[in-house]
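One structure below.
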Amino acid sequence: MNYFFLSRTEIFYGISEEEIKSVLLCLQSYEKDYDNKEIIYRAGNHISEIGLVERGSVNIEEYDYWGNKSILGNIKTGDIFGLSYAALPGVPLQSDVVANEDCRILFMNIERILTVCPMACPYHTEFIRNMFRVAAKKNILIHQRMKHISAKSIRDKLISYLSEQSLKQGSPQFTIAFNRKQLSEYLGVDRSALSNELSKMQRDGMLTYKKNTFTLKNLEY
């Protein structure tokens, strides 16, 4: 267990490595490794644990009646998933949680999180505060995706998403978490149409790209 890494995550912010050891014992925590593309949770599952990505990343994926896939989000190293459904044990998952690459997940029992131990440890209380901050941040991310996919054209969707990524990473040059297929699934558009639009945007001088790395350009008139 990499306690130094955990102490740098949002969920354990302000909690020392020694305190994290005590928290994890209290939360009946355990680690599990997954291979790329392996299913971590399936839609329809009822879950009682939240997961923290210690290594790699995972995608939240959803399929419609005809088997068309949408990627609802990407959970990076240090982020958590499953909070809403773990906190509502009677509600089944509506999406698959899938390893986007080889990864390691730390699982923590939600009931042990929400039931403060008799000692009322201050670091357990701090953990709960952090968890609510993370939940609020995730709600903002959901709103941001809705903004991207509600744009009228494929170009507008790309401009919205790529602008957000540039702002997040503080540079006109940045790398995104998705390949082309995954980006099309995240934005809810056809992959070929997305690739064609990116080519047009590059010809129009709006950006350059190589694989997952993009550079946004200032247009000169």
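Quantities reported herein were computed from a predicted structural model and do not represent experimental measurements.
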With a 4.5 Å limit on heavy-atom distance, are the side chains of Leu194 and Leu183 in contact? yes

Does the side chain of Glu61 come within less than 4.5 Å of Leu72's, by heavy atoms? no

What one should report as the nearest heavy-atom pair of Gly90 and Pro92 is O-CD, 3.6 Å

Assess whether side-chain contact (heavy atoms from CB on, under 4.5 Å) is satisfied between Asp79 and Leu52, documenting all intermediate values. CA-CA 6 Å; Asp79 289 341; Leu52 184 149; over 6 Å; no

Quick one, Ser199 with Asn196, criterion side chain to side chain donor-acceptor pair (under 3.5 Å). Give me CA distance, side-chain angles, the key distance, then yes/no. CA-CA 5 Å; Ser199 295; Asn196 288 338; 5.5 Å; no

For Arg133, is the CZ atom crowded, meaning more than 12 foreign heavy atoms sit under 6.0 Å from it? yes

Got a salt bridge between Asp96 and Lys69, using NZ or NE/NH1/NH2 to carboxylate O under 4.0 Å? no

Looking only at heavy atoms, which two atoms of Arg145 and Ser70 are closest? And how far apart? NH2-CB, 4.4 Å

Gap between atom OG of Ser7 and atom CD of Glu17 - 0.5 Å precision: 4.5 Å

Quick check against the 3.5 Å criterion: does Thr9 have a side-chain atom that pairs as donor or acceptor with the backbone of Leu6? yes

Please report the shortest heavy-atom distance between Ile149 and Leu187, naming the atom on each side. CG2-O, 3.7 Å

If we ignore hydrogens and angles and just use 3.5 Å, is the side chain of Ser166 paired with the main-chain N or O of Ser171 as donor and acceptor? yes

Greater than 12 external heavy atoms within 6.0 Å of Gln94's CD: no

Would a 4.5 Å heavy-atom cut-off, applied to side chains only, mark Arg104 and Lys32 as touching? no

Between Glu197 and Val189, does a side-chain contact (heavy atoms from CB on, under 4.5 Å) hold up when you go through it step by step? CA-CA 11 Å; Glu197 191 58 47; Val189 300; over 6 Å; no

Could you go through the side-chain contact (heavy atoms from CB on, under 4.5 Å) check for Ile11 and Phe127 one step at a time? CA-CA 6 Å; Ile11 201 74; Phe127 180 88; 3.6 Å; yes

Measure the spacing between NE2 of His124 and CZ of Arg129 and express it to the nearest 0.5 Å. 11.5 Å

Keeping Asn45 on the side-chain end and Ile47 on the backbone end, is there a donor-acceptor pair under 3.5 Å? no

Check: Cys26 main-chain N/O paired with Arg112 side-chain donor or acceptor under 3.5 Å: yes

Please walk me through it: do Asn100 and Gln182 pass side chain to side chain donor-acceptor pair (under 3.5 Å)? CA-CA 10 Å; Asn100 189 45; Gln182 292 170 331; 2.7 Å; yes

Hydrophobic clusters here meaning ILVMFWY residues chained together by side-chain heavy-atom distances under 4.5 Å, can you tell me if Val134 and Ile128 are in one? yes

Do the non-hydrogen side-chain atoms of Glu54 and Met1 ever get within less than 4.5 Å of each other? yes

Side-chain heavy-atom pair Asn59, Tyr186 within 4.5 angstrom cut-off: no

If I take atom CG from residue Asn2 and atom CG from residue Leu106, how far apart are they, to the nearest 0.5 angstrom? 11.0 Å

Using modelled atom types and a 3.5 Å cut-off, is there a donor and acceptor pairing between side-chain atoms of Ser57 and backbone atoms of Lys76? no

Which atom pair, heavy atoms only, marks the closest approach of Asp102 to Asn36? OD1-N, 2.8 Å

Would a hydrophobic clustering, with Ile, Leu, Val, Met, Phe, Trp and Tyr connected at side-chain separations under 4.5 Å, put Ile15 with Phe5? yes

Could you walk me through whether Tyr13 and Glu126 satisfy the side chain to side chain donor-acceptor pair (under 3.5 Å) test, starting with their C-alpha distance in whole Å, then the side-chain angles of each, then the deciding distance to 0.1 Å, before giving a yes or no? CA-CA 8 Å; Tyr13 178 77; Glu126 189 63 31; over 6 Å; no

For residues Met131 and Leu114, determine if any side-chain heavy atom of one lies less than 4.5 Å from a side-chain heavy atom of the other. yes

How close do Ala135 and Leu83 get, heavy atom to heavy atom, and via which atoms? CB-CD2, 3.6 Å

Does Lys157 offer a backbone N or O that forms a donor-acceptor pair with the side chain of Ser160 under 3.5 Å? no

In terms of relative ring orientation, are Tyr34 and Phe107 parallel, tilted or perpendicular, with 30° and 60° separating the classes? perpendicular

What one should report as the nearest heavy-atom pair of Asn109 and Glu111 is OD1-N, 2.9 Å

To the nearest 0.5 Å, atom CG of Asn68 lies from atom CD of Glu185 at 9.5 Å

Shared hydrophobic cluster for Leu167 and Met206 (ILVMFWY, side-chain gaps under 4.5 Å): no

In this structure, is the centre-to-centre distance between the rings of Tyr85 and Tyr41 below 6.0 Å? no

Basic-acidic side-chain contact under 4.0 Å: Glu10, Lys137: yes

Inspect the surroundings of NZ in Lys211 and state if more than 12 heavy atoms from other residues, nucleotides or ligands are less than 6.0 Å away. no

How long is the gap from CG on Asp190 to CD1 on Ile154, to the nearest 0.5 Å? 7.0 Å

Within the structure provided, determine whether Phe81 and Ile105 are in side-chain contact (heavy-atom separation under 4.5 Å). yes

In terms of hydrophobic clustering (I, L, V, M, F, W, Y; side-chain heavy atoms under 4.5 Å; direct or indirect links), are Ile159 and Leu198 co-clustered? yes

Can any side-chain N or O of Glu38 pair as donor or acceptor with the backbone N or O of Asp35 at less than 3.5 Å? yes

Is it possible for you to say whether Ile50 and Ile20 belong to one hydrophobic cluster, with membership spreading through side-chain heavy-atom contacts below 4.5 Å? yes

Would you say the side chains of Ser16 and Glu19 form a donor-acceptor pair under 3.5 Å? yes

Take a 6.0 Å sphere around NZ of Lys147 and say whether it holds more than 12 heavy atoms from other residues, nucleotides or ligands. yes

Applying the side-chain hydrogen bond (donor to acceptor under 3.5 Å, both in side chains) test to Thr215, which of Gln173, Gln202, Lys210 qualifies? Gln173

Does Thr77 form a side-chain contact (heavy atoms from CB on, under 4.5 Å) with Arg55? I'd like the steps, not just the answer. CA-CA 5 Å; Thr77 302; Arg55 186 180 69 236; 5.5 Å; no

Where does the angle between the aromatic ring planes of Tyr161 and His148 fall among parallel (under 30°), tilted (30 to 60°) and perpendicular (over 60°)? perpendicular

First locate atom CG of Leu158, then atom OG of Ser163, and finally report the distance between them rounded to the nearest 0.5 Å. 10.0 Å

Quick one, Ile113 and Glu49 - any side-chain contact, counting heavy atoms below 4.5 Å? no

Whether Lys168 engages the ring of Phe174 as a cation-pi pair (distance to the six-membered ring centre under 6.0 angstrom, angle to the ring normal within 45°) should be assessed. no

